[in-house]
Every structure is written in C-alpha cells, then in structure tokens.
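No hydrogens, no waters, no symmetry mates; every other heavy atom, side chains included, goes into these values. Just so we're on the same page: letters track the sequence lines, and every chain starts at 1.
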Number of protein chains: 2
Amino acid sequence: MKKIDILKKLRSSGLRPTKQRVEIAKFLFEREKTFHFTVESLDKLLAKKTTSKFALATIYNTIHAFKAAGHLSEVEVKGKKTYFDTNISNHHHFYDSENSELIDIEANEVVFQKLPKAPNGKKIKNVEVFINLKN
Amino acid sequence: MKKIDILKKLRSSGLRPTKQRVEIAKFLFEREKTFHFTVESLDKLLAKKTTSKFALATIYNTIHAFKAAGHLSEVEVKGKKTYFDTNISNHHHFYDSENSELIDIEANEVVFQKLPKAPNGKKIKNVEVFINLKN
DNA sequence: AATTAGTTTATAATAGTTCTAAAGTGAAAA
DNA sequence: TTTTCACTTTAGAACTATTATAAACTAATT
C-alpha cells in the first residue's frame with residue numbers, strides 16, 4: 001500500500017488527509033500483517049518511529065475517525081484499555097495474557113457444529129471467538 | 001439458597017460475613033437465574049432494593065472478593081464498564097447492544113467442528129464465544 | 001469485656017478517555 | 001495566488017470507572 005493509496009483511502013472516507021492522519025495511516029496500514037494496538041502503545045510507537053509530534057488527543061481523534069470509516073476494528077480484551085486491530089475482516093483472536101498480546105485467527109479456522117439461535121425477535125450480528133492462552 | 005448457605009459460602013471462602021457482604025451476597029446469589037451486572041447497576045439496584053447503605057468502595061471490594069473466591073466471573077463487553085456474572089461455569093454469551101444486556105449460552109449449546117491449535121509453546125486456557133445481536 | 005485483625009467508609013488518587021476552545025491548516029472560491 | 005472557512009490539531013481541563021488511603025468500625029477470639 002503506497003502513499004497515494006493512503007491519500008485515496010482517507011479522501012474516499014471523507015477524511016481530509018492532514019499531515020497527522022497520513023503519518024498515522026501509513027504507520028498503521030502500510031504493513032503486511034495485521035497490527036494490534038492500544039492508544040497508549042500506538043502513541044509510544046509513533047514517538048519512536050516517526051519524527052513528528054502528535055498530541056494524544058489527535059491520536060484518539062484519528063483512530064476514532066479510522067474506526068468510524070471502517071478502517072479499524074475494536075477488540076474486547078479484559079482490562080481497561082481498548083485494543084484496535086487493522087484487520088477489519090470477520091475473524092477471531094487468541095489472547096496471550098502473559099504479554100497482553102492478541103493474535104489473529106482467520107474466520108475459516110473456526111467452524112461451528114452447533115450454535116444457539118438468537119433470542120425472540122433478535123438476529124445474530126456476528127460471532128466472536130476469543131481463545132485465552134496459557135503457557 | 002438460604003441465608004445459612006450464604007453464611008457458609010462466605011465463611012468457606014475465608015470471607016468474614018459482614019452485614020454488607022451478607023446483603024450483597026443474598027442479593028446476588030439468592031436467585032434462580034444467572035445475573036449480569038456492572039458495579040454501577042449493582043449500586044443502583046442495592047440502593048433501590050435494600051434499606052442499607054453501601055459505600056461504592058464497599059461494592060467494589062465485595063465483588064472483587066467474591067470474584068477472587070470464585071463466586072463471580074467477569075465478562076468482556078465493549079465499553080468501559082466491567083460486567084460480572086453470577087454464572088461461574090464455563091459458558092458463553094449473547095450480547096444485545098440495544099439495551100446493553102448479556103444473555104447466557106450454556107456451554108453445550110456451542111460445539112466446534114474446527115478450532116485452531118494454540119501457537120508455539122502455548123496452551124488453550126479457555127474458549128469464549130460472544131454472539132452480538134441486532135434487531 | 002478487651003483485644004485485634006479484618007472490614008467499611010469517605011475521600012483522594014489514578015488511568016484511560018473525551019471535551020473544550022483557541023490556534024492552525026487544507027482546499028475551495030474569488 | 002490570495003482569501004476564506006470549515007475542518008483539524010492541540011494542550012489542558014474534565015470526566016468516568018476504578019483503586020488506594022487511612023481513619024473509624026466491627027466480627028470474632030481471648
């Protein structure tokens with residue numbers, strides 16, 4: 001994914017490609033593998049890997065904008081911090097609490113033989129599988 | 001589950017049965033069905049349903065003590081609040097985001113045909129299935 | 001009844017996140 | 001281009017959920 005694609009990605013989402021958004025988007029999306037992060041970890045990584053400065057509020061604004069645009073998904077992990085994932089396809093997670101690390105599980109790695117049906121009047125939006133790991 | 005059982009439950013967990021703990025335990029555990037709550041919702045319910053007063057810190061202390069004793073489990077839900085569950089058996093959840101409501105799914109309602117194996121050197125501690133609902 | 005270790009309480013402190021409003025900036029219009 | 005202006009960034013304040021503190025209280029043992 002090259003810089004021009006980042007600009008397209010932002011513009012097509014109605015996000016003005018500011019210096020900060022472009023840098024954060026490049027950092028997040030110009031990768032081979034999916035990337036899991038918290039705002040805190042992203043803040044530290046940006047400080048280390050880039051020369052720009054980002055207000056913490058800008059990082060929050062930006063990842064919220066990216067999430068709203070469908071470029072990031074949110075993963076539920078025990079603890080207070082919110083985790084984000086650059087993998088926005090339907091998939092699942094391993095969670096290694098030893099080092100607070102998330103690992104993606106492709107959707108086709110999980111097949112159900114039996115699943116309950118949704119309660120009265122409700123429909124199933126999606127099914128998330130979370131596999132906790134130990135040593 | 002009668003009062004005498006509550007006292008036994010507390011004592012056998014090394015928890016001195018104080019007035020507050022007994023009341024909260026009765027409120028939580030003298031039920032037919034499992035009960036899901038946040039500290040905030042529990043605080044409001046206790047204020048409404050009992051005549052005693054509980055400091056918020058006491059509610060936190062108490063549910064942490066109950067959780068440490070294995071009488072409550074914690075459920076991960078998107079959002080900042082921590083949800084607790086009086087169902088401590090291995091099971092799963094529906095989540096209805098319309099009204100922030102959790103619904104239990106018995107373990108035997110979910111059967112896997114395929115599950116990934118744990119990464120290098122890790123073992124699977126447990127598998128949690130979370131089914132998001134919509135209308 | 002006296003002692004004491006565990007508990008409750010109000011309040012302060014903390015962590016993560018969101019809000020605010022002033023200053024800055026992309027991009028459309030002149 | 002320059003001007004304009006809506007959108008964005010920023011620092012710091014505010015907020016929310018939770019945890020820590022330390023003094024007052026209490027269950028249970030002596």
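When A:V75, A:I131, A:I103, A:L102 are each tested for a side chain to side chain contact (heavy atoms under 4.5 Å, CB included) with A:Y95, only one passes: A:L102.
For the pair B:A57 and A:F84, nearest-nucleotide mapping onto DNA chain C gives the more 5' position to B:A57. If B:T38 and B:P17 are placed on DNA chain D by their nearest nucleotide, the residue sitting closer to the 5' end is B:T38. In terms of position on DNA chain D, the residue among B:T82 and B:T18 whose nearest nucleotide sits closer to the 5' end is B:T82.
For the pair A:K78 NZ and D:dT18 C1', the interatomic distance rounds to 17 Å; values are reported in whole Å. For the pair A:I59 CD1 and D:dT9 P, the interatomic distance rounds to 11 Å; values are reported in whole Å. Between the CG atom of A:L15 and the C1' atom of C:dA27 there is a distance of 15 Å, given to the nearest Å. To the nearest angstrom, P of C:dG16 lies 8 Å from OH of A:Y60. If you take CG of A:L56 and P of C:dA15, they are 14 Å apart, rounded to a whole angstrom. Protein atom CD1 of B:I24 is 8 Å distant from nucleotide atom P of C:dT9, rounded to whole Å. Separating the NE2 atom of B:H64 from the C1' atom of C:dT8 is a distance of 16 Å, rounded to the nearest angstrom. Atom CG of A:D43 and atom C1' of C:dG16 are 12 Å apart (whole Å).
With D:dT18, C:dG16, D:dA27 as the candidates, the nucleotide lying closest to the side chain of B:R16 is D:dA27. Closest to the side chain of A:N61, out of D:dT9, C:dT17, D:dT18, is D:dT9. Checking D:dA11, D:dT9, C:dA10 against the side-chain heavy atoms of B:A55 singles out C:dA10 as nearest.
Ring geometry for A:F66 versus A:F29: interplanar angle of 30 to 60°, hence tilted. Ring geometry for A:H93 versus A:F130: interplanar angle of 30 to 60°, hence tilted.
The side chain of A:K80 places no N or O atom within less than 4.0 Å of a non-bridging phosphate oxygen (OP1 or OP2) of C:dA15. Listed pair B:R11 / D:dA28 meets the phosphate criterion, a side-chain N or O lying under 4.0 Å from OP1 or OP2. Using a 4.0 Å cut-off, no side-chain N or O of A:Q20 falls inside it from OP1 or OP2 of C:dT25.
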Please report the C-alpha distance between A:K67 and A:E74 in whole Å, then the side-chain angles of each, then the deciding distance to 0.1 Å, and finally whether the salt bridge (charged side-chain N to carboxylate O under 4.0 Å, His left out) criterion is met.
-> CA-CA 8 Å; A:K67 192 194 161 197; A:E74 194 178 325; 2.5 Å; yes
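In A:E109, the CD atom is crowded: over 12 heavy atoms of neighbouring residues, nucleotides or ligands sit closer than 6.0 Å.
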